[in-house]
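Scroll down for the structure; my scribbles are underneath it.
A, B, ... follow the sequence lines: proteins, then strands. Residue 1 opens every chain. What's counted below: heavy atoms across the whole structure, side chains too, no hydrogens, waters or symmetry copies. From a predicted model like this one, the values you see are computed outputs, not experimental measurements.
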There are 2 protein chains.
Amino acid sequence: MTETVESPTRWLDAEQQRIWRTYLLGAARISEVLDADLRTHGLDLAEYEILVTLSEAEDRRLRMAELAEAVHQSRSRLTHTVTRMERRGLVERESCPDDRRGVWAHLTEAGMGLLRRSAPSHVESVRRVFVEAVGPEDFRAVGRAFERVLAAGRESAD
Amino acid sequence: MTETVESPTRWLDAEQQRIWRTYLLGAARISEVLDADLRTHGLDLAEYEILVTLSEAEDRRLRMAELAEAVHQSRSRLTHTVTRMERRGLVERESCPDDRRGVWAHLTEAGMGLLRRSAPSHVESVRRVFVEAVGPEDFRAVGRAFERVLAAGRESAD
DNA sequence: TCCAACTGATTGAAGTTTCAACAACACCAT
DNA sequence: ATGGTGTTGTTGAAACTTCAATCAGTTGGA
């Protein structure tokens with residue numbers, strides 16, 4: 001018979017807890033600022049990322065599934081979001097010839113134009129609220145830290 | 001006549017861009033993991049934070065506005081969230097005697113119980129996906145970094 | 001006292017995301 | 001070729017958040 005012993009919870013110590021909460025608040029603040037900035041162009045961060053990702057893709061188009069992956073949205077959410085963006089003329093759907101299930105999301109000229117107009121102030125906000133607030137040293141450490149978070153995720157998903 | 005000279009956009013260099021995107025993806029991954037974990041208890045991160053915040057408050061209760069501030073939610077959102085949590089018996093509203101506009105959100109025994117049950121695996125998730133994935137050195141740097149983000153926000157809000 | 005301005009919290013509608021179910025298609029072994 | 005299995009993307013309803021309007025109560029000045 002197997003005896004089940006409940007392993008005691010390893011709580012976070014005071015410093016870890018403080019850092020964790022600081023992270024939560026800081027991250028919230030960052031997206032607040034960026035959202036406020038993008039809202040002046042009628043965009044939110046998720047939509048902006050879609051525009052950026054498409055603008056860098058070959059022929060400015062990507063399959064829905066690839067796009068969803070790249071911007072970290074569920075497919076369902078992306079379907080709805082793209083539908084709205086399509087209504088505004090920012091992207092358009094094209095069926096792709098080689099896989100008839102597939103759909104391309106294609107960045108329109110209007111979408112590209114909006115991206116170009118909104119990018120400068122967005123980048124400025126990222127700089128102000130994050131890059132320059134933090135300073136080069138710790139900024140690079142943040143890069144390493146989140147790289148590890150992602151790497152740990154990839155490892156455990158094998 | 002004032003001549004308006006458009007200052008050229010200072011784009012992010014390649015490394016800054018890479019770090020920024022790594023951060024966005026990593027942050028998304030963190031909340032994904034935490035949400036998945038809390039969902040097994042029927043909670044999301046926002047609700048969990050409400051439970052924690054109330055559990056630490058005097059008499060396990062807080063005015064709606066204070067609570068909203070502490071968990072970084074709009075008042076309206078908090079009203080709706082607390083209404084749902086009240087339906088589930090996790091918190092209850094009490095009118096406070098000294099300011100008759102005011103409402104206390106009070107953590108119930110049931111709410112406290114759910115917090116106690118969900119805390120261990122939540123903490124374990126935070127450890128796994130963040131604290132231990134990152135390592136002590138960079139973890140502290142993250143603490144400094146986001147502390148600066150918050151400090152910069154406070155300064156510009158004066 | 002009375003009024004104007006402000007604060008605390010809620011409301012309901014509109015907008016967005018999530019969730020489960022589904023339809024169409026591709027892939028593959030038989 | 002056929003049927004099972006997995007994939008792609010969509011759909012509609014439910015759940016949640018946002019937004020503007022609103023109500024009730026407080027505060028301070030005339």
Side-chain angles (χ1 to χ4, degrees), chain A residues 28 31-50 53-54 57 61-88 90-106, chain B residues 27-28 31-51 53-54 57 61-88 90-106:
Chain A
S31 40
E32 238 167 55
V33 169
L34 298 185
D35 268 336
D37 178 85
L38 288 170
R39 193 159 47 244
T40 67
H41 298 277
L43 290 170
D44 62 21
L45 192 51
E47 293 167 325
Y48 181 84
E49 301 240 289
I50 289 174
T53 304
L54 287 180
R61 71 179 141 212
L62 238 33
R63 296 271 305 252
M64 293 295 281
E66 297 173 299
L67 182 53
E69 171 84 7
V71 300
H72 233 80
Q73 292 192 20
S74 72
R75 292 185 185 189
S76 176
R77 179 178 173 187
L78 185 67
T79 292
H80 289 300
T81 306
V82 165
T83 300
R84 287 190 297 269
M85 293 175 80
E86 196 171 21
R87 271 205 294 272
R88 295 166 60 191
L90 303 176
V91 298
E92 55 198 10
R93 279 184 239 247
E94 297 166 358
S95 51
C96 56
D98 49 315
D99 183 343
R100 288 195 301 166
R101 291 167 307 182
V103 172
W104 272 326
H106 181 212
Chain B
S31 39
E32 240 166 53
V33 169
L34 299 185
D35 269 335
D37 177 87
L38 287 170
R39 193 160 46 246
T40 67
H41 298 277
L43 290 171
D44 63 21
L45 193 51
E47 292 166 327
Y48 182 84
E49 300 242 290
I50 289 174
L51 295 181
T53 304
L54 287 179
R61 72 179 139 211
L62 236 36
R63 298 267 308 247
M64 293 296 280
E66 297 172 300
L67 182 53
E69 171 83 7
V71 300
H72 233 77
Q73 292 192 20
S74 72
R75 292 188 185 186
S76 176
R77 179 178 173 187
L78 185 66
T79 292
H80 290 298
T81 305
V82 165
T83 300
R84 287 190 297 270
M85 293 176 80
E86 195 170 22
R87 271 204 294 272
R88 296 167 59 192
L90 303 176
V91 298
E92 55 196 10
R93 278 183 239 246
E94 297 166 359
S95 51
C96 57
D98 49 315
D99 183 343
R100 288 194 301 167
R101 293 167 305 183
V103 172
W104 272 327
H106 180 212

How long is the line joining CG of Leu67(A) and C1' of dT8(D), in whole Å?
14 Å
If we ignore hydrogens and angles and just use 3.5 Å, is the side chain of Glu47(B) paired with the main-chain N or O of Met85(B) as donor and acceptor?
no
Do you know which two heavy atoms are closest between His106(B) and Glu94(B), and how far apart they sit?
ND1-OE2, 2.8 Å
Report the residue (Arg87(A) or Trp104(B)) whose heavy-atom-nearest nucleotide on DNA chain C is the more 5′ of the two.
Trp104(B)
If you check every side-chain atom of Arg63(B), which of dG9(D), dT10(C), dG8(C) has the closest atom?
dG8(C)
Within residues 76-86 of chain B, which residues have any heavy atom lying less than 4.0 Å from an atom of DNA chain D?
Ser76(B), Arg77(B), His80(B), Thr81(B), Arg84(B)
Measure CD/Gln73(B) against P/dC16(D) and give the value in whole Å, please.
12 Å
Length of the line joining Arg75(A):CZ and dA21(C):C1', which is rounded to integer Å
16 Å
Donor-acceptor pair, side chain of Glu49(A) and main chain of Ala46(A), under 3.5 angstrom
no
Take atom CD of Glu47(B) and atom C1' of dA15(D), then tell me their distance rounded to the nearest Å.
11 Å
Going by number, which of residues 92-101 of chain A have a non-hydrogen atom under 4.0 Å from DNA chain C?
Asp99(A), Arg100(A), Arg101(A)
Would you compute the distance between atom CG of Leu54(B) and atom CH2 of Trp104(B) and round it to the nearest 0.5 angstrom?
13.0 Å
Starting at atom CG of Asp44(A), determine the distance to atom C1' of dT17(C), rounded to an integer number of angstrom.
11 Å
Quick check: does any side chain N or O of Arg88(B) sit under 3.5 Å from a backbone N or O of Gly42(B), one acting as donor and the other as acceptor?
yes
Can you tell me if Glu32(B) has over 12 outside heavy atoms packed within less than 6.0 Å of its CD?
yes
Minimum heavy-atom separation for Met64(A) and Leu78(A), please, with both atom names.
O-CD2, 3.2 Å
Tell me if a side-chain donor or acceptor on Ser31(B) pairs with a main-chain N or O of Ala27(B) at a distance below 3.5 Å.
yes
Can you give me the closest heavy-atom contact between Arg100(B) and Pro97(B), atom names plus distance?
CG-O, 4.2 Å
Going by heavy atoms closer than 4.0 Å, what residues in residues 31-43 of chain B are next to DNA chain D?
none
Just how far, in rounded Å, is C1' of dC16(D) from CG of Leu45(B)?
15 Å
Taking the side chain as C-beta and beyond, is there a heavy-atom pair between Arg84(A) and Leu90(A) under 4.5 Å?
no
Which residue, Asp44(A), Val33(A), Leu45(A), forms the side chain to side chain contact (heavy atoms under 4.5 Å, CB included) with Leu38(A)?
Leu45(A)
